[in-house]
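Shown next, in structure tokens, is the structure this report addresses.
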Amino acid sequence: MKRLKIKEVLTGGQVGQQVLVKGWVRTKRGSKNVNFIALNDGSTINNLQVVADVEKFGEELLHNINTSAALGITGELVESMGSGQALELVASEITIYGKSDPEKYPIQPKKHSLEFLRENAHLRFRTATFSAVFRIRHAMAFAIHKYFNDKGFYYLHTPIITASDAEGAGQMFRVSTLPAVEPPLNEEGEIDYTQDFFGRPTNLTVSGQLEGELGATALGEVYTFGPTFRAENSNTTRHLAEFWMIEPEMAFYELKDNMDLAEDFLKYLIRYALDNCMDDLKFLSNRLQQEEKNKPQDQRSMELIEKLQFVLENDFIRCTYTEAIDILRNSKPFKKGKFQYPVEWGIDLQSEHERYLVEKHFKKPVILIDYPKDIKAFYMKQNDDGKTVAAMDVLFPQIGEIIGGSERESDYDKLVKRMEEMDVPTDEMWWYLDTRRFGTVPHAGFGLGFERFILFATGMGNIRDVIAFPRTPKNAEF
RNA sequence: UCCCUAGUAGCUCAGUUGGUUAGAGCGGCGGACUGUUAAUCCGUAGGUCGUAGGUUCAAGUCCUACCUGGGGAGCCA
């Protein structure tokens, strides 16, 4: 008999149908005559209730059916006598693929803290919460490729190992095959990288953007979607040492086109989640509602699905940096001295400022543009005012900066001058500058932190809970 | 990296101004009972109190250092 996924059984199964299902036991409830097994195979958040007659299968077999044991079950679908489900499976044959010792299996049929499950990240997929998160994560990854493919973008694979450290996006992880103890030294007493694998210092990438620009200025519209590495000692709920980033880069796009794309893209993903992941979203939403009950009234946040719909239905606010500074300086917290950090033109906005703008003032996602050039990267297009650059940051409630992007400086002379001002080595970047020497065009792009977006889409609070195997300072288990 | 906070049973926690043999609920195990829904009821096992020092007649409790988790900040996506 062909095995059916539990999702297929629950959505399309007919009473009287003979089926074969395979999966893992979520819970078993025993009694004298009959056992109830909640079986889950990962295809859906919902379990299939299996009814096993004690006399038919015997105590010994049923004794080995514990939480997380792997089973194959053949039987007939019947209308359920219980109230929790419409259909259930009356077992006629049970195969135990793998037992699960209940005294040793760490995940119990009870609520666990996310911290505990993080320490058992190898098994947390077997919980309802994490299976939901990772199904949604998959759906979002798929939707990202679909979105760009449908729009005629090409998926460009930029390198993981790079010799460029010019972007200054953060501390990098060194890639080397030289011995860690007593590496070869040159005449100056420094490590001799000419003897290293690549004959020069190399690192794990912090961004595929610069290479993305090379692709965009020939293929037109490209995007990258790959792992990115930052060796920053960041210990927060929003940072990982290894995370995934989506970086579209488009020729002939100016800042406004870039903003339009970013907003349309985010809304597409949210719509895709609402259309395709509703069971999982409902589960996560209920879970969050339970947690919210323990919080004081004023700290409660909007219900998850409502929040997703809200973002979908409202235009993002577009606001210049200069306007944002005015708003902040006229705000109550500023006048009452509640902000910890100063607010004046030229400073980089702090979390507290961004949160005020997004959560208190506009109460919608905000795209901030035209930042002072001194707080942004060298490659951003310099505006005519001589003070600002065509940068854009998309700010989301709770998460903060979810997208950072800009129109790029396409003028060779302006770019070189800016690089020199900011001590970016122009000689090492000859290949990048060639895009401006040969057929340069206005172009723009942005980077979306995949995990930060998944935080928003799932309502989870810690970035370590939306990536399967989180890499953070002092933690590379599994 | 900085500030705050926590580490006691498999999990979530309680443990008074330092004072006998460190507790509960859940989970596990055994039994009873029942078409059950995180079942219910009865019973039972299970702990070097994060690690290393120190103070004291006496430390889960006080002090110091370190490790790890959580929250916030910085850096950023």
Side-chain angles (χ1 to χ4, degrees), chain A residues 26-38 46-54 59 63 66-67 78-85 88 90 100-120 127-128 167-171 206-209 227-247 262 290 299 339-341 348-355 375-377 393-396 399-405 446-456 461-467 472-475 477:
Chain A
R26 277 287 166 75
T27 61
K28 185 184 72 168
R29 290 175 290 277
S31 75
K32 201 174 201 174
N33 304 316
V34 70
N35 274 202
F36 298 96
I37 301 161
N46 299 306
N47 302 325
L48 177 64
Q49 172 155 286
V50 176
V51 186
D53 190 274
V54 172
E59 299 265 351
H63 187 75
N66 301 113
T67 301
V78 301
E79 218 169 292
S80 180
M81 293 194 221
S83 57
Q85 56 285 314
E88 65 189 22
V90 177
S100 175
D101 185 343
E103 297 204 49
K104 293 182 181 146
Y105 181 64
I107 315 286
Q108 301 160 3
K110 57 172 276 191
K111 189 170 160 46
H112 282 296
S113 68
L114 294 174
E115 292 81 16
F116 172 73
L117 292 170
R118 216 171 284 149
E119 287 170 15
N120 291 279
T127 65
E167 211 209 336
Q171 290 287 108
V206 293
S207 164
Q209 180 200 315
T228 311
F229 308 87
R230 305 273 167 94
E232 297 284 356
N233 190 10
S234 296
N235 295 283
T236 79
T237 54
R238 303 181 297 283
H239 289 85
L240 291 163
E242 175 181 300
F243 64 100
W244 290 65
M245 191 154 61
I246 298 102
E247 294 178 289
Q290 296 297 317
Q299 282 179 27
F339 286 136
Q340 197 187 334
Y341 291 87
D348 209 352
L349 296 178
Q350 303 295 320
S351 298
E352 59 179 354
H353 307 140
E354 293 180 352
R355 292 189 81 132
I375 58 171
K376 287 292 182 184
D393 282 3
V394 181
L395 309 178
F396 264 35
I399 304 200
E401 186 181 338
I402 197 166
I403 279 181
F446 61 81
L448 170 69
F450 188 47
E451 285 78 15
R452 291 215 180 148
F453 178 76
I454 302 298
L455 277 181
F456 182 77
N462 191 318
I463 202 161
R464 299 172 181 111
D465 295 331
V466 297
I467 186 165
T472 52
K474 300 278 190 302
N475 186 0
E477 192 68 67

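Each chain gets a letter, A, B and so on, in the order the sequences are listed, and its residues count up from 1.
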Fill in the blank from the handout: Stems for RNA chain B (at least 3 consecutive Watson-Crick or G-U pairs, under 3.5 Å) come to B:1-7 with B:67-73, B:10-13 with B:23-26, B:28-32 with B:40-44, B:50-54 with B:62-66
Practice task
Rounded to the nearest angstrom, tell me the gap between atom CD1 in A/Ile399 and atom C1' in B/rC76.
Solution key: 14 Å
Exercise for the section: Answer with base, sugar-phosphate or nothing: what part of the nucleic acid does A/Met245 contact at a heavy-atom distance below 4.0 Å? Expected result: sugar-phosphate
Practice task
Spell out, as yes or no, whether a donor-acceptor pair under 3.5 Å connects the side chain of A/Asn47 to the backbone of A/Gln49.
Solution key: no
Handout entry: Main-chain N/O of A/Gln171 paired to A/Glu232 side chain as donor or acceptor, under 3.5 Å
Key = yes
Practice task
Pick base, sugar-phosphate or nothing for A/Thr237, based on heavy-atom distances below 4.0 Å to the nucleic acid.
Solution key: sugar-phosphate
Fill in the blank from the handout: Assign each of A/Glu103 and A/Asn233 the nucleotide of RNA chain B bearing its closest heavy atom; nearer the 5' end lies the nucleotide of A/Asn233
Practice task
Tell me what A/Tyr341 touches on the nucleic acid: a base, only sugar-phosphate, or nothing, going by heavy atoms under 4.0 Å.
Solution key: sugar-phosphate
Exercise for the section: Tell me which nucleotide among B/rG74, B/rG70, B/rU36 gets nearest to the side chain of A/Ser80. Expected result: B/rU36
Exercise for the section: In whole angstrom, give me the gap between the C1' atoms of B/rC49 and B/rG15. Expected result: 11 Å
Exercise for the section: May I ask you to verify if any side-chain N or O of A/Ser234 is less than 4.0 angstrom from the OP1 or OP2 atom of B/rC76? Expected result: no
Completion exercise
Closest to the side chain of A/Val51, out of B/rG35, B/rC76, B/rG10, is B/rG35
Handout entry: Pairwise P distance, B/rC67 and B/rG60 [rounded to whole Å]
Key = 24 Å
Practice task
Please report, rounded to the nearest Å, how far the P atom of B/rC33 is from the CG atom of A/Asn35.
Solution key: 15 Å
Practice task
Ignoring backbone atoms, establish whether A/Asn462 has a side-chain N or O less than 4.0 Å from OP1 or OP2 of B/rG71.
Solution key: yes
Practice task
Check every strand shown and say whether A/Lys474 touches a base, only sugar-phosphate, or nothing at a heavy-atom separation below 4.0 Å.
Solution key: sugar-phosphate
Completion exercise
Considering only heavy side-chain atoms of A/Asn66, the closest of B/rC29, B/rC76, B/rU37 is B/rC29
Practice task
Give the minimum heavy-atom separation between A/Ile402 and A/Leu448, together with the two atoms involved.
Solution key: O-CD1, 3.4 Å
Exercise for the section: Using the C1' atom on both, measure B/rA58 against B/rG18 and round to a whole Å. Expected result: 8 Å
Handout entry: Minimal non-hydrogen separation, A/Val206 against A/Arg230, with atom names
Key = O-NH2, 2.7 Å
Practice task
Using the P atom as the reference point in each nucleotide, state the distance between B/rU5 and B/rA65 in Å, no decimals.
Solution key: 14 Å
Handout entry: Donor-acceptor contact below 3.5 Å, side chain A/Ser100 vs main chain A/Asn66
Key = no
Problem - Sugar-phosphate only, base, or nothing, as touched by A/Leu240 at under 4.0 Å among non-hydrogen atoms - result: base
Handout entry: Span that lies between the P atom of B/rC11 and that of B/rU48, in whole angstrom
Key = 13 Å
Exercise for the section: Select one nucleotide: of B/rG35, B/rA39, B/rG69, the one nearest the side-chain heavy atoms of A/Glu119. Expected result: B/rG69
Practice task
Would you check if A/Thr67 and A/Lys28 make a side-chain contact, meaning some heavy-atom pair closer than 4.5 Å?
Solution key: no
Exercise for the section: Among the candidates B/rG10, B/rC76, B/rG35, find the nucleotide nearest to the side-chain atoms of A/Gln49. Expected result: B/rG35
Problem - Ring centroid separation A/His353 to A/Phe339 under 6.0 Å - result: yes
Exercise for the section: Just call it for A/Glu88: base, sugar-phosphate, or nothing, with non-hydrogen atoms closer than 4.0 Å on any strand. Expected result: base
Practice task
Compare side-chain N and O positions of A/Arg230 against OP1 and OP2 of B/rC76 and report whether any pair is under 4.0 Å apart.
Solution key: no
Exercise for the section: Looking at every strand, decide which applies to A/Gln340 at a 4.0 Å heavy-atom threshold: base, sugar-phosphate, or nothing. Expected result: nothing
Exercise for the section: Record whether the side chain of A/Glu115 comes under 3.5 Å of the base of B/rG69 through a donor-acceptor pair of N or O atoms. Expected result: no
Practice task
Specify the separation, in whole Å, of atom CG of A/Leu349 and atom P of B/rC76.
Solution key: 12 Å
Completion exercise
In short, salt bridge (charged side-chain N to carboxylate O under 4.0 Å, His left out) pairs touching residues 101-110 of chain A with sequence neighbours left out are A/Asp101-A/Lys104
Problem - Gap in Å between the two C1' atoms, one belonging to B/rG23 and one to B/rA9, rounded - result: 10 Å
Exercise for the section: For A/Ile403, answer base if it contacts any base atom (sugar-phosphate contacts may also be present), sugar-phosphate if it contacts only those atoms, and nothing otherwise; contact means non-hydrogen atoms under 4.0 Å. Expected result: sugar-phosphate
Completion exercise
Of A/Lys376 and A/Phe36, the one whose closest nucleotide on RNA chain B sits nearer the 5' end is A/Phe36
Handout entry: B/rU51 to B/rU8 separation - C1' atoms, rounded to the nearest Å
Key = 15 Å
Fill in the blank from the handout: Smallest heavy-atom separation, A/Asn35 atom then A/Val54 atom, equals ND2-CG2, 3.6 Å
Problem - Nearest to side-chain heavy atoms of A/His112, which nucleotide of B/rG70, B/rG28, B/rC11 - result: B/rC11
Exercise for the section: Tell me whether the OP1 or OP2 atom of B/rC75 has a side-chain N or O from A/Gln350 closer than 4.0 Å. Expected result: yes
Practice task
Would you classify A/Thr236 as touching base, sugar-phosphate or nothing, given that sugar-phosphate means primed atoms plus P, OP1 and OP2, and contacts are heavy atoms under 4.0 Å?
Solution key: base
Practice task
Record whether the side chain of A/Asn235 comes under 3.5 Å of the base of B/rU1 through a donor-acceptor pair of N or O atoms.
Solution key: yes
Handout entry: Under 4.0 angstrom between A/Arg29 side-chain N/O and B/rU40 OP1 or OP2
Key = no
Exercise for the section: Can you tell me, in whole Å, how much space there is between the P of B/rU12 and that of B/rC76? Expected result: 35 Å
Exercise for the section: Would you classify A/His239 as touching base, sugar-phosphate or nothing, given that sugar-phosphate means primed atoms plus P, OP1 and OP2, and contacts are heavy atoms under 4.0 Å? Expected result: base
Exercise for the section: Could you pull out the closest heavy-atom pair between A/Arg238 and A/Ile463, with the gap in Å? Expected result: O-CD1, 3.5 Å
Handout entry: A/Arg118 side-chain N/O to B/rG70 phosphate OP1/OP2 under 4.0 Å
Key = yes
